[in-house]
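Have a look at the structure below before the remarks.
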Amino acid sequence: MSISSLYNHLRQIAVDEFADIVVEAEIEALSTGDPRKLRLSIVDGSFVDIFVSLTKRYSYHWQRTSEHSNALYRHDNAPHSSWRSISTYPKHFHKGDEQNVVASHLSSDPPVALREFCKFVRETLRHESQR
């Protein structure tokens with residue numbers, strides 16, 4: 001599968017399966033026309049950026065800056081030496097901020113990982129709305 005096909009597939013999953021939380025899904029392109037990332041606009045005004053590559057690098061990043069939350073959540077597999085002690089290294093999860101890093105059990109398969117991450121976003125929003 002080409003990288004463009006993969007990004008289009010991920011975009012379609014976000015739009016079709018997570019319409020309750022995804023307001024917009026846009027593939028941002030490089031000057032070459034190749035996809036750079038998929039940006040999902042979320043119902044609370046936050047956004048999720050998804051970066052995947054054919055070399056298996058990835059980042060699923062949820063940035064929240066609002067009156068209720070100033071947090072980020074990111075699963076990625078960048079081999080930062082600071083996180084060597086994490087049991088799933090190089091996979092790791094930034095849980096709330098850059099320095100709170102724990103093991104990541106997100107799938108390595110992009111469609112599965114997108115679903116897992118969007119379910120996390122959905123559940124977090126649902127939990128907040130019940131407070």
Side-chain angles (χ1 to χ4, degrees):
M1 175 181 288
S2 74
I3 194 69
S4 292
S5 296
L6 176 57
Y7 271 89
N8 284 323
H9 181 58
L10 295 176
R11 182 187 175 284
Q12 204 59 51
I13 289 169
V15 168
D16 291 346
E17 297 178 26
F18 296 94
D20 58 319
I21 62 166
V22 175
V23 176
E24 184 178 7
E26 178 184 355
I27 298 171
E28 295 183 11
L30 298 166
S31 59
T32 62
D34 291 325
R36 182 172 87 84
K37 68 180 175 183
L38 171 62
R39 173 158 287 186
L40 307 177
S41 299
I42 305 301
V43 295
D44 70 340
S46 64
F47 65 87
V48 170
D49 282 339
I50 296 112
F51 164 80
V52 294
S53 76
L54 294 177
T55 60
K56 308 293 185 205
R57 296 282 307 270
Y58 65 81
S59 173
Y60 297 82
H61 176 94
W62 182 21
Q63 184 72 45
R64 305 188 75 198
T65 50
S66 72
E67 62 194 58
H68 305 293
S69 178
N70 188 17
L72 68 85
Y73 302 92
R74 182 175 64 247
H75 286 271
D76 70 75
N77 65 351
H80 299 294
S81 59
S82 301
W83 316 130
R84 282 193 187 278
S85 63
I86 303 296
S87 64
T88 56
Y89 180 84
K91 292 172 65 166
H92 57 279
F93 177 47
H94 298 265
K95 188 176 180 181
D97 66 54
E98 288 287 349
Q99 299 307 311
N100 185 26
V101 178
V102 298
S104 170
H105 299 286
L106 195 73
S107 174
S108 296
D109 179 54
V112 174
L114 175 66
R115 286 180 177 104
E116 291 172 347
F117 196 70
C118 285
K119 286 176 185 174
F120 165 74
V121 172
R122 178 189 278 152
E123 289 305 313
T124 302
L125 293 173
R126 185 174 293 146
H127 177 73
E128 288 176 354
S129 71
Q130 293 173 353
R131 286 192 220 168

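Quantities reported herein were computed from a predicted structural model and do not represent experimental measurements.
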Taking C-beta and beyond as the side chain, do [X] and [Y] meet within less than 4.5 Å on heavy atoms?
X	Y	result
Ser108	Lys91	yes
Val121	Leu40	no
Tyr89	Pro79	yes
Arg64	Tyr73	yes

Would you say [Y] ends up clustered with [X] if hydrophobic residues are merged whenever their side chains have heavy atoms under 4.5 Å apart, either directly or through other cluster members?
X	Y	value
Phe18	Val15	no
Leu6	Leu30	no
Ile86	Val102	no

Ignoring hydrogens, what is the shortest heavy-atom contact between [X] and [Y]? Give both atom names and the distance.
X	Y	answer
Leu72	Arg74	CD1-NH1, 4.1 Å
Ala103	His105	CB-NE2, 3.8 Å
Ser107	Val112	CB-CG1, 3.5 Å
Pro110	Val52	CB-CG1, 4.3 Å
Leu10	Leu114	O-CD2, 3.2 Å
Phe117	Leu106	N-CD1, 4.1 Å

Hey, could you give me the [atom1]/[atom2] distance between [X] and [Y], rounded to the nearest 0.5 Å?
X	Y	atom1	atom2	value
His94	Asp76	NE2	CG	4.5 Å
Glu17	Gln12	CD	CD	9.5 Å
Arg36	Ile50	CZ	CD1	12.5 Å
Ile3	Asp34	CD1	CG	8.0 Å
Tyr7	Met1	OH	CE	13.0 Å
Ser2	His9	OG	NE2	12.0 Å

Check this for me, if you would: do Lys119 and Glu116 make a salt bridge, where the nitrogen-to-carboxylate-oxygen distance has to be below 4.0 angstrom?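 Result for this pair is no, no salt bridge flagged.
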
Given His75, which partner from the list Phe120, Phe93, Phe51 fulfils the ring pair (Phe, Tyr, Trp, His ring centres under 6.0 Å) test?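 Option passing the ring pair (Phe, Tyr, Trp, His ring centres under 6.0 Å) with His75: Phe93.
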
Check whether [X] reaches the backbone of [Y] with its side chain - one donor and one acceptor, N or O, closer than 3.5 Å.
X	Y	result
Thr88	Ser104	yes
Arg11	Ala25	yes
Tyr60	Val48	no

| message | Between Asp44 and Ser46, is there a side-chain donor-acceptor contact under 3.5 Å, judged purely by atom types and distance? | response |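 A donor-acceptor contact under 3.5 Å links the two side chains.
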
message = Considering only residues two or more places apart or on different chains, which pairs with a residue in residues 49-59 satisfy side-chain hydrogen bond (donor to acceptor under 3.5 Å, both in side chains)?
response =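 Matches after skipping sequence neighbours: Lys37-Asp49, Arg39-Asp49, Ser53-Thr55.
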
